[in-house]
Amino acid sequence: MASFHNIRSFLPLSSRYGHQLRRRTLSLPTLGHARGITKSTKHFTDDEKTISNTTIIMQDGINIEELPSIVQIIHGEFIIFSNGKSQAGKRFEGLGMEIPQVSKKLFSNINFEEEQEIILGFMRCRRVTDIFNLLEVCPEEEVTPKVALAIIKQMFELENNVEFRNRGLNQYPEEASFTFTRGAVMKRLIEIICCASEPKYIVNALQVMGRDTFQGDKLKYLEFLCTHCIVLITEGKLAITQVCDAAKAFYNLGPIGSRYVEQVWVGITDKTNCIHEKEIYEVMSILPLVKQSRKHLYNAVEKSMINCWFKFKCEDIIKILHILVQLRMTNSRMLPMISKWTDLNIHALTDGNLRWIVYSIMSLGYTDNSAQKALARFMKARKGKDMSPDLVSVIMDYCAKMRIRSPEILDSAGDFFIRKASILTVPHINSICRAYGLLNYEPPNASAFFLTFESYVDEKFVQFPPNVMVDLLLSCVYLKRYPLNFVKKVFNPYFFDRIHTLEASDLRLTRTKLKVLDQALTLEAPNYSGPMLPKDPSAKSYWRDARVMRCVNMIQPALIEIVGSEERIVPSALLPNFPGTELYIIDCVIDMEGKLNFRSFKWSKNKYALIVNLPDHYVVNEDILVGPQAMRCRHLALAGFKVVNINFEKVCQYRMYPDSLKSYLEKAMKKATIL
């Protein structure tokens, strides 16, 4: 009977266990070389079959990509694997070049009960040497791929346990004979696994290799396993989930296996029609592991998701969103499908699940009518009752960021704040309250709302970070609610010291906002004894949006025709005695009395301040300015200008029609009023 110990026949004498064991090995009978390990006619060396890397051009509709692939070298011939089809490989069938190293018929007589008994026998071993000794007497045909995989797992378990108990101990010194023996045994076990007709053993072996802590030479058997697995993938013999598991296992192997990860796309592209709701997340999970083939894999998953998005479970949606957030795929075409799914299943979602979904799409900066309707329906149905404060805060953050001015959402959140203010934390208060000012929306029962807000902030003033406190007070000013009771707490040295503990970028921004707050209270609050802050006389440069500058250039010829002289037009003017911030830069000033002179500036009914309003200056789907822009218009009007609001999108629409553009500007200037 041929036994597994024949692997010793190609080891040097110094690598064997001793004379007594060697004598027993030599005395065992064999059945000849047909089943032997070292002289089998079915064994081929690495020189006879290797793989190399290449790239191929892949076209999918209008998308053309250069993707990595492999070339299999067989006796000097090249076979390029693509979608599991290889004409060159068919020419070598029957020539003994592509048959496995171990005959599959070798294990045909082993049944399930015998396999389990053999596996249990190896599981009883408490040392790696016991496993090697048991392999010496175990017949080769009994070491099936399943048994070989179990042996490898037990070896890693014993090795890891020893290393855990003895930190820094190396079981296999580099020069010891045991090191070479261990590598040879591992290579033989992997060869047995690779002959399996079921690829699951190969994938499982690849996953187990991530636990291999062997400090000796393990490159040969790892390369052999990785090469065999990637060849099976390119031949289309692995299912989609197995391909994804193999990709993760490649990545976990570090430099040895990570170079194969980029090539697994072939095994998925070949089975695009088999990608259903269960496989979509599996393919999505390997996108962070690849770079060159990421776009190709994503497109394949995206096309498959169109037909099955409504079948997803909540856990799958959250996992997919996590991948999209991780990769920052803000323009993903999956987001509309996820939004529709949320609208369809909003009634069945828990507060925790909905919170993560809203947070994810907010991180991706996405909104549409389906998402807005779903949240509005949810908030209206719950009416703020029994809702998690975290969920309400995330929804309000989402509305503030995406400029969603939904009465159903804002009214429900306002009622929730009035009733639950005592259990809310500082972040909750910040998220809920500042949204109303940013969206320029008066909360329901405004008197009770702001009375509750004032009471809470006064009680826990020191718990608010200084930048958060300034933002909250500004949000009140946006709604013409002036926080005069907090002036002494804000404009004092102690609060300024807290501001100077912020990071450099936050410090500059908070100081600017504090100047805007001082200016706003000076202009609008009748009982405010300001300004409290000194003027900044230093000259500064300010960032300007290129769209605004382009729009001013587009409308200038039409403005010249309207006002009659180019001297009356001054682009990008900063008002004197105003805080040095972009908020107070007038995009275009028109003085009908002549060239504008800010040094001798006087109030006049013939001075126009043209403000170019970009799309993000309006709330979504409405012609209502957000809070900061509405306050900007009020302050310019209080400074003596007729404020003219110019819609950027309409200017772009009329740019090819000079008469229409001129008519639009004239109507906008006629609507301008002065306070």
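Quantities reported herein were computed from a predicted structural model and do not represent experimental measurements.
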Got a donor-acceptor contact below 3.5 angstrom from the [X] side chain to the [Y] backbone?
| X | Y | result |
| --- | --- | --- |
| R544 | E582 | no |
| S455 | L451 | no |
| R405 | L439 | yes |
| H635 | R632 | no |
| N492 | F495 | yes |
| D587 | S572 | no |
| D506 | E503 | no |

Would a 4.5 Å heavy-atom cut-off, applied to side chains only, mark [X] and [Y] as touching?
| X | Y | value |
| --- | --- | --- |
| V651 | V612 | no |
| Y584 | L575 | no |
| I320 | F312 | yes |
| F648 | D545 | no |
| D351 | W356 | no |
| S339 | I361 | no |
| I590 | M669 | yes |
| L424 | I432 | yes |

Checklist entry - Do the ring planes of Y456 and F464 sit parallel (below 30°), tilted (30 to 60°) or perpendicular (above 60°)? => result perpendicular
[atom2] on [Y] to [atom1] on [X], rounded to 0.5 Å:
| X | Y | atom1 | atom2 | value |
| --- | --- | --- | --- | --- |
| I280 | K319 | CD1 | NZ | 13.5 Å |
| Y366 | S360 | OH | OG | 14.5 Å |
| F578 | T522 | CZ | OG1 | 10.0 Å |
| M284 | L287 | CE | CG | 5.0 Å |
| L610 | L559 | CG | CG | 6.0 Å |
| I409 | R377 | CD1 | CZ | 11.5 Å |

Item to check | Worked verdict on Q326 versus I323 for side-chain contact (heavy atoms from CB on, under 4.5 Å) | outcome: CA-CA 5 Å; Q326 182 180 355; I323 299 297; 4.1 Å; yes
Polar side chain donor-acceptor pair, [X] to [Y], under 3.5 angstrom:
| X | Y | result |
| --- | --- | --- |
| S431 | H428 | no |
| E279 | T241 | no |
| S285 | K248 | yes |
| T350 | N353 | yes |
| Y298 | E302 | yes |
| N647 | N613 | no |

Mind listing the closest non-hydrogen atom pair of [X] and [Y] along with its distance?
| X | Y | value |
| --- | --- | --- |
| M396 | L410 | CE-CD2, 3.6 Å |
| V620 | I404 | CG2-N, 4.4 Å |
| D368 | P336 | OD2-CA, 4.1 Å |

Next on the checklist: For M305 and M337: C-alpha separation, side-chain torsions, deciding distance, then whether side-chain contact (heavy atoms from CB on, under 4.5 Å) applies.
Outcome noted: CA-CA 8 Å; M305 189 173 176; M337 291 180 274; 4.0 Å; yes
Next on the checklist: Show, in sequence, the C-alpha distance, side-chain angles and deciding distance for K278 and D316, and conclude whether the salt bridge (charged side-chain N to carboxylate O under 4.0 Å, His left out) test is met.
Outcome noted: CA-CA 9 Å; K278 296 181 180 179; D316 299 327; over 6 Å; no
Next on the checklist: Quick one, R481 with E442, criterion side-chain contact (heavy atoms from CB on, under 4.5 Å). Give me CA distance, side-chain angles, the key distance, then yes/no.
Outcome noted: CA-CA 10 Å; R481 299 278 180 167; E442 187 80 9; 2.9 Å; yes
Item to check | Residues Y478, Y436; criterion side-chain contact (heavy atoms from CB on, under 4.5 Å); working and verdict | outcome: CA-CA 9 Å; Y478 297 154; Y436 291 96; over 6 Å; no
Checklist entry - Does K607 come within less than 4.0 Å of D591, counting only side-chain N to carboxylate O? => result yes
Next on the checklist: I'd like to check the side chain to side chain contact (heavy atoms under 4.5 Å, CB included) partners of N467; sequence neighbours left out, ordered by chain and number.
Outcome noted: P465, L502, T510
Next on the checklist: Applying the side chain to side chain donor-acceptor pair (under 3.5 Å) criterion to T367, which one of K401, Q372, R403 satisfies it?
Outcome noted: Q372
Item to check | Name of the residue among D415, I395, D411 meeting side-chain contact (heavy atoms from CB on, under 4.5 Å) with M379 | outcome: I395
Item to check | Test salt bridge (charged side-chain N to carboxylate O under 4.0 Å, His left out) applied to K373 and D343, step by step | outcome: CA-CA 7 Å; K373 291 179 180 178; D343 189 18; over 6 Å; no
Next on the checklist: Could you go through R434 and D397, starting from their C-alpha distance and side-chain angles, then the distance that decides it, and tell me whether this counts as salt bridge (charged side-chain N to carboxylate O under 4.0 Å, His left out)?
Outcome noted: CA-CA 9 Å; R434 72 185 182 93; D397 284 335; 3.5 Å; yes
Next on the checklist: Walk me through whether E524 and R634 qualify under salt bridge (charged side-chain N to carboxylate O under 4.0 Å, His left out).
Outcome noted: CA-CA 9 Å; E524 298 188 53; R634 293 200 307 267; 3.2 Å; yes
Checklist entry - Under 6.0 Å between ring centres, would you say that holds for F417 and F449? => result yes
